[in-house]
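Taking it in order: structure first as structure tokens, then the write-up.
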Amino acid sequence: MDIKKGIAVSPGVSIGKCLIIDSEDYRIPRRQIDASQRMGEVQRVRNAFRDAVVELTELEQAQDDTAGGRIKDIFAVHLRFLRDRRLRKRVTDLVFDESVTAEYAVVTVFHEIAAHFTSVKDSYISERADDIYDLERRLLKLLLGSKREDLARLREEVVVVARELSPTQTAGFNKAFVRGIASDAGGRTSHAAIVARSLGIPAVVALEDLTEIVRGGDNVIVDGNRGLVIVNPDDETLQQYETYSADFVALEHRLDTIREKPAVTRDGVKITLLGNIEFPDEAEMILEKGGEGIGLYRTEFLYLNRPTEPTEEEHYRAYAQTIGVLKDRPIVFRTVDLGADKYTQRKRFAPEPNPFLGLRSIRLCLQNLAMFKTQLRAILRASVLGPVKVMFPLITNLQELMQAKMILHDVMEDLDEESIAYNRDIDVGIMVETPSAALTASTLARESDFFSIGTNDLTQYTLAVDRGNELVSTLYSPADPAVLRLIRTVIQDAYKAQIDLSVCGETASEPEYVMILLGMGVRTLSLAAPLIPEIKEMIRSVTIEECNSLTRKVLAMNSERQISSYIRSAARKVLPEAF
Amino acid sequence: MSAGDKILETVVRETTVQIKNGDGLHMRPAMQFVDLASQFDCEITVSSGRTEADGKSIMHMSMLAATYGTQLKIRAAGPQAQEALDALRELVEVRMFDEPPPKPNENQPQ
């Protein structure tokens, strides 16, 4: 039994067999497997060799004869290697003798061969190492690719263990079968965390070397309440957790009963609770959990897992589908927030050295007008179907906002010319998630119909902390006095300008932040659907008077530690069951 | 050519050839060798010094890293042993893998 401590990012407890996901970008660690899994891994090796032969044969045939024999020779040589029984046997023998995964065996054998060539003095021969690495990459791509497909075809419940989960990987999950997530890297706001919360499954991140300890098929407990992952638990631990897990399910059921009740404080102030969605099929869950609309419709999913950009029709269909589910409830469509992630970096000729400060989000859109206009057209066309709003992410100055609005007006004119219907008075708002936007909120408010505070990015940019870097992620806290002061500024400026304001970052879904947010004047929260009942229960347990008094005290405090412990203990007093 | 053995009706033949093309047994020649060796019904073992290789495996043959002038001992065992040796000798020493000999003052034989 191994117990690893990480950061709890999505509540709940799950117990299940683990499935390890490799990432192409990382070294393949030595992965022991059980003797019983060896035949399966040997078959994976054979399939990879077979599929690589098919791939290469197609490539070889596609070569023009006139291009000279050189390239054809290279393909021919590679094909001989892939058909070489001695080579394949060396790989499968390693899988068998040392009980390791197909990927590990391929990497080991090909590196041995490449090392042999590199050691030869004759340069003509030593350059063969490149051919060997080329073959290795081809096989690994097939092996890892087939695993990704396996994820989409999951037929049994698993706990997913990964070094780091990318948006592309999670988009490919068959979500019905993923019971929990655990990752080596990441923080509270990493992608794995967001996805886990939106699916309502437990998750623990920042486990450092979990993927080195765990073997595929191990029994794993993910304790998303205490931030623990237990590998191969003993009987006693397993029993404790089965009881604990049942208690947690009971709490969930209790929360379900408040679904129909309004989100009103004890002294009668109505709070609006909206949902954040990552994928369109989560829209139903927002209504099931008592959400009153969608405060953040992330549109990035449309761009993932595909070689080309989505068409206007694809955008429109996805939006129309969600509007159909929500009926007359409001939906805020955030324009695409790509960049600073693998999806865009991989497409770049040279990856940006500092992507979070680079070409991302609205900046990417303003430099790719065709892509931006396609999405805006689809949102505008959908605006006649229901109460739709549009929101621009990562605005850092007035000029960007004016530019984005100008492009929106260009698109409106195009639609006018084509006599296509849309809502001319569509609300246009911005995410306030950079310190510069927060500090100039009074100016930006004059050009916005609403603000939505994105506390994740606002915290990371204010505190200069990469939220996904486990070495510094403990410094990341929205309870930092600097962040709270910026949030208060934004709220006050929105009030003065009389525009709508909501909070859609992760803090909106954490019970301990409810009182401080309400105390600073927030009346609309947008959060992941599964957490709506808990936040609603918290709201129903407090008075605005209590929140205001807490906020006055907190804003006079100077340290993050003091603030976070104070708001946590206050929240615990109000609603002990939530902690 | 050495004398053939007869063990349990298996014909075994052995010969030694020398690499004569300038670039040695790099990838393409290794491929030609393996392709030719694979056409014969016999096992083919090629050794260079103490290293032994399966003459039908491109991984083994290329890992011999035989440069110009290297002596290779070829051993064939099976019904077509003699035909295999004749064909392989012709490929290595006469056709020289369809490649030129070394340029003057380069790669002198050891």
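Keep in mind the model is a prediction, meaning the values are calculated, not measured. What's counted below: heavy atoms across the whole structure, side chains too, no hydrogens, waters or symmetry copies. All chains are named by letter (A, B, ...) in the order of the sequence lines, taking the proteins before the strands, and each is independently numbered beginning at 1.
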Approximate separation, where rounding is to 0.5 Å, of B:S62 OG and A:I113 CD1: 7.5 Å

Distance col, row A:H116:NE2 vs B:M59:CE, nearest 0.5 angstrom, shows 10.5 Å

Just by modelled atom types, is the A:R86 backbone N or O under 3.5 Å from a matching donor or acceptor in the B:H60 side chain? no

Between A:R80 and B:D35, is there a salt bridge with N-O shorter than 4.0 Å? yes

Interatomic distance, CG@A:L79 vs CE@B:M31, rounded to 0.5 Å, equals 9.5 Å

Rounded at 0.5 Å granularity, tell me how far NE2 in A:H78 sits from CD1 in B:I58. 9.0 Å

Measuring heavy-atom distances to chain B, does A:F117 have an atom under 4.5 Å in its side chain, in its backbone, in both, or in neither? side chain

Verify the neighbour count for atom CZ of A:R50: are there more than 12 heavy atoms of other residues, nucleotides or ligands below 6.0 Å? yes

Taking CD in A:E136 as the centre, count heavy atoms belonging to other residues, nucleotides or ligands within less than 6.0 Å. Is the count above 12? yes

Engaged part of B:S38 at the chain A interface, taking heavy atoms whose separation is under 4.5 Å: neither

Nearest 0.5 Å, what's the CD1-CE distance between A:I132 and B:M27? 4.5 Å

Counting only non-hydrogen atoms closer than 4.5 Å, does A:R90 touch chain B with its backbone (N, CA, C, O), its side chain (CB onward), both, or neither? side chain

With a 4.5 angstrom heavy-atom cut-off, which part of B:A30 approaches chain A: side chain, backbone, both or neither? neither

